[in-house]
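Working notes, beginning with the structure itself.
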Amino acid sequence: MSEHKDFLRTIVEEDLKSGKYKEVVTRFPPEPNGFPHIGHAKSIAINFGIARDYHGRCNLRMDDTNPTTEDTKYVEALKDAVEWLGFKWDNHVRYTSDYFDKLYEYAVELVKMGKAYVDSLDEETMREYRGTVTEPGRRSQYAERSVEENLDLLERMKNGEFKDGEHVLRAKIDMSAANMKMRDPLLYRIRHAHHYRAGDKWAIYPMYDFGHCLSDYIEGVTHSICTLEFENNRDIYDWVLDTLGLEPPRPYQHEFARLGINYTVMSKRLLLELVNEGKVSGWDDPRLPTIAGYRRRGYTPESILNFCDSIGIAKANSTVDVAQLEFAIRDDLNTKVPRVMCVLDPLKVTIENYEGTEEFDAPYYPEDVPKEGSRKVPFSKEIYIEREDFSENPPKGYYRLTPDQAVRLRHGYIITCKEVIKDAEGNITEIIAEYNPESKSGRDTSGIKVKSAIQWVDAKSAKTVEVRLYDRLYSSEAPKGLDDLNPDSLKIIKDALIEPAVITEKPDERFQFERQGYFYADPVDYTDEAPVFNKIVGLKDSWSKKDKPKASRGERKPQVKKVQVEGEVEPMSEAEQALFDRYTGELGLNSMVADILARDEKLSSFYEEALSVSSSPVTIANIVANEVARELKEKQAEELKFNAKQIAELVKMVDDETISNKIAKQVFEEMAKSGANPAQIVEAKGLVQISDPAVIVPIIDEVIAKNPDNVEKFKAGNSKLLGFFVGQVLKATGGKANPQVVNELVAEKLK
RNA sequence: UGGGGUAUCGCCAAGCGGUAAGGCCUCGGUUUUUGGUACCGAUAUUCGGGGGUUCGAAUCCCUCUACCCCAUCCA
């Protein structure tokens, strides 16, 4: 578990601690109507992860209430995804469709309570009646039907006596609710459709808002975690469970922000478009953000999980940089996979002073990877190197082979270029080179220093392989559709050359092709006769970034300072204006505070009341405008535990310096909670202010002695640290020290 | 426009009145027979803007702004 708890875990912990639940139960509830993608992985990681961390359980539930879109092939893909990521669902897979009978009983119950009715408006009229976000809706005339009639109609809907769309079952809530979702939401609709699991048993199917909360309840779920777009649905969630008066405990819904990644699409619509239009090879195309795609590409479950962990969980809509995902897979594979040599774009090199053959012993792992294993790498007169690793006119800082720069063949000898052979067009076709016999890797006595070692393969023994190079699918950071596709997202190299051990020994299925990236033996198309490797991700490359304009990677955007448009403030009414004038004039309040009080009737009347028993208009005003305002946000004046007179008392204690402002806030909070008199609170908790330097100085000395580093920093000019010292002293005195005095004393001491 | 949310570095993200964590990206440097890895170091005087309260504010109060979600018989 990471060091900082996310807000969901904080909630779960509190609920467990308070005894609200004995055990945490979560669920991952996808609708089986599409392939799971990395956004699902985030949800899986959260739900299963929380269950694991708090020793609870997590259900896998197919939320299959819409027979027209769902299919069993998707449930298989969903199960696969969860298993591949390494999680185990509790017991068997659950299906909302398993609860259809129970759900129907609950619906009947609601009807009997008069809380649901059969509506027979047609779709369009119903939409019209719903109103708009600014105008309230109207209730359908059918809402007046008797319980008996509703029961009868519902029964007949279930029995299939009506056509699709003829009737629906709706909750009777509030057609003028500000939350549109609460305007008599639909509970059931008629669908004469074959359900992939329930078959033809049902002619009606529950809606999400009805089925989901009850399924959670039926399964004993405690924390129903979903994405932000369901925030508005939470009211129905609560309404259904509360109205039914179910036996506690019941689940509560909590929402987090869904995952977005740049250069990537996550919506079902766009994903489907790619597949249907044949822009990708299928749901498992390695360029797709589907679980199947990442899996085929060669991503490991650990890397996906680490990624999910690294991005955190919060409520702010966000788009994660795809570089963070790429980091996760590199980081994982770095310590796991063997290093081998593969030449993608071969350039022939003939070593003129070498005869015969030999084999080099080459470890599969570099020294910093604690794994054992090695292979033989054959070598002879003719080899291939990467075309990019030779340059006739090298740019500045080029470390590889040039007409005057030697280079080491990784695990082999150092070679120098003798001659460059070109074809009629001037393309380099071959290099004639010379090797240094004293420079063999591991027993080099040549004394030659080279800038780099490059990968190569022996011409005779190398195997030809197909390598599929994947790049991001879209060239736009926030792709909207097919127009944003990256035309170069797939490059197939048919005749790359690889050292033989990779094929004959098969030490692994994932490899690092040295200096190039991580590759994966394609699980579908790979055969021993025609091996195929997918590029998972490239190595970080600080060389190519150097000269190329920073086109595609994490470049800084030009900083544009945002201009803030100041909006209009509502003008004050005449009465408010009069109050405002009196406050600023006669009572000497500053205009901000006066404004707050004058505009808020609850606040101003509270203030007036306090004023009548006090002679400190300004202090009272401050505390009313700041502290009391907070309490009055949610509550009515009558609901307050404290009264204006108590506030006046509190202010008096501040005025005569019995307590500090800081303590006053603490006391206020206590008053708001318990309604006790301020004097009592101060008395009971011994909060009287300490202003005597004789008492404070020793504490300051102690704090200073304990923090020599900070004293140094402070003296070096970090004046912010004054707050740190004051804070420490205040903490040591339980907040009772007079902060002003402490401030002066500390400043004096540290001078 | 009514309601519900959200704003802290280029991208994520801690922080809950007392020194602005961490990761990714970027940029330097050390080590290196991978221009990889690892390791060191740099990068927010400031938290969407403006005010207010306070000895002290990213945190409390007021206000403005921007963005997301809601008017499917989808989930």
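Labels below follow one simple rule: chain letters A, B, ... track the order of the sequence lines, proteins then strands, and each chain is numbered from 1.
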In B/S/- notation (B base, S sugar-phosphate only, - none; protein heavy atoms under 4.0 Å), nucleotides 69-75 of chain B written 5' to 3' is BSBSBSB
Per-nucleotide protein contact string for nucleotides 62-67 of chain B (B base, S sugar-phosphate only, - none; heavy atom under 4.0 Å):
BSSS--
Suppose you measure atom [atom1] in [N] against the same atom in [M]; what distance do you get, rounded to whole Å?
{"N": "rG3(B)", "M": "rU43(B)", "atom1": "P", "value": "45 Å"}
{"N": "rA75(B)", "M": "rU59(B)", "atom1": "C1'", "value": "37 Å"}
{"N": "rC67(B)", "M": "rG49(B)", "atom1": "C1'", "value": "15 Å"}
{"N": "rC9(B)", "M": "rC74(B)", "atom1": "P", "value": "41 Å"}
{"N": "rG41(B)", "M": "rC47(B)", "atom1": "C1'", "value": "25 Å"}
{"N": "rG56(B)", "M": "rU19(B)", "atom1": "C1'", "value": "13 Å"}
{"N": "rC27(B)", "M": "rG10(B)", "atom1": "C1'", "value": "13 Å"}
{"N": "rC12(B)", "M": "rG50(B)", "atom1": "C1'", "value": "28 Å"}

Donor/acceptor link under 3.5 angstrom from [X] side chain onto base of [N]:
{"X": "Asn334(A)", "N": "rU37(B)", "answer": "no"}
{"X": "Arg330(A)", "N": "rG36(B)", "answer": "no"}
{"X": "Asp368(A)", "N": "rG36(B)", "answer": "yes"}
{"X": "Gln324(A)", "N": "rG23(B)", "answer": "yes"}
{"X": "Lys665(A)", "N": "rG17(B)", "answer": "yes"}

Under 4.0 Å, counting only non-hydrogen atoms across every strand here, what does [X] touch: a base, just sugar-phosphate, or nothing?
{"X": "Lys731(A)", "answer": "nothing"}
{"X": "Tyr365(A)", "answer": "nothing"}
{"X": "Leu730(A)", "answer": "base"}
{"X": "Gly517(A)", "answer": "nothing"}
{"X": "Asn710(A)", "answer": "base"}
{"X": "Gly137(A)", "answer": "nothing"}

Could you measure the distance from the CZ atom of Phe519(A) to the CG atom of Leu344(A)? Nearest 0.5 Å is fine.
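With rounding to 0.5 Å, CZ (Phe519(A)) is 5.5 Å from CG (Leu344(A)).
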Using distance alone, with no hydrogens and no angle criterion, decide if [X] and [Y] have a side-chain donor and acceptor under 3.5 Å apart.
{"X": "Asn738(A)", "Y": "Ser660(A)", "result": "no"}
{"X": "Glu31(A)", "Y": "Thr69(A)", "result": "yes"}
{"X": "Asn233(A)", "Y": "Tyr208(A)", "result": "no"}
{"X": "Glu657(A)", "Y": "Ser691(A)", "result": "no"}
{"X": "Arg515(A)", "Y": "Gln455(A)", "result": "yes"}

Per [X] side chain, nearest of listed nucleotides [options]:
{"X": "Lys540(A)", "options": "rG2(B), rU33(B), rC25(B)", "answer": "rC25(B)"}
{"X": "Asn626(A)", "options": "rG18(B), rU53(B), rC55(B)", "answer": "rU53(B)"}
{"X": "Arg515(A)", "options": "rC12(B), rG35(B), rG56(B)", "answer": "rG35(B)"}
{"X": "Arg339(A)", "options": "rG5(B), rC55(B), rU34(B)", "answer": "rU34(B)"}
{"X": "Val726(A)", "options": "rC24(B), rG35(B), rG18(B)", "answer": "rG18(B)"}

Starting at CZ of Arg443(A) and ending at C1' of rU33(B), how long is that distance when rounded to a whole Å?
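Going from Arg443(A) (CZ) to rU33(B) (C1'), I get 15 Å.
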Send over the distance from Asp332(A) CG to rA38(B) P, rounded to a whole Å.
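The distance from CG of Asp332(A) to P of rA38(B) comes to 13 Å, rounded to the nearest Å.
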For rU72(B), measure the glycosidic angle (O4'-C1'-N9-C4 for a purine, O4'-C1'-N1-C2 for a pyrimidine) and name it syn if it falls within 90° of 0, otherwise anti.
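Here rU72(B) takes the syn form, which means its glycosidic angle is within 90° of 0.
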Below 4.0 angstrom from OP1 or OP2 of [N], is there any side-chain N or O of [X]?
{"X": "Thr134(A)", "N": "rG3(B)", "result": "no"}
{"X": "Lys720(A)", "N": "rA20(B)", "result": "yes"}
{"X": "Asn590(A)", "N": "rU53(B)", "result": "yes"}

Close aromatic pair by centroid cut-off 6.0 Å: Phe360(A) and Tyr413(A):
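Yes - the distance between ring centres of Phe360(A) and Tyr413(A) falls below the 6.0 Å cut-off.
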Applying salt bridge (charged side-chain N to carboxylate O under 4.0 Å, His left out) as the test, list every pair that has at least one member in residues 124-135 of chain A; sequence neighbours left out.
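Listed once each, the pairs would be none.
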For Ala316(A) and for Arg408(A), locate the closest nucleotide of RNA chain B by heavy-atom distance; then report the residue assigned to the nucleotide nearer the 5' terminus.
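Its nearest nucleotide being more 5', the pick is Ala316(A).
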Return the 5'-most residue of the pair Glu514(A), Asn661(A) with respect to RNA chain B, ranking by each residue's nearest nucleotide.
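Whichever sits nearer the 5' end wins; that is Glu514(A).
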Measuring only between side-chain heavy atoms, which start at C-beta, is Glu514(A) closer than 4.5 Å to His411(A)?
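Counting from C-beta outward, Glu514(A) and His411(A) do come under 4.5 Å.
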Would you say Phe327(A) stacks on rG23(B), if stacking means ring centres under 5.5 Å apart and planes within less than 30 degrees?
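It does not: the two rings, one from Phe327(A) and one from rG23(B), miss the stacking criterion.
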Any donor and acceptor pair, going by atom type alone, linking the side chain of Lys662(A) with main-chain N or O of Pro739(A) inside 3.5 Å?
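It does not hold such a pair.
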Within the side chain of Gln516(A), is there an N or O that forms a donor-acceptor pair under 3.5 Å with the backbone of Cys342(A)?
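Yes, the answer is positive, given that a donor and an acceptor are paired below the 3.5 Å cut-off.
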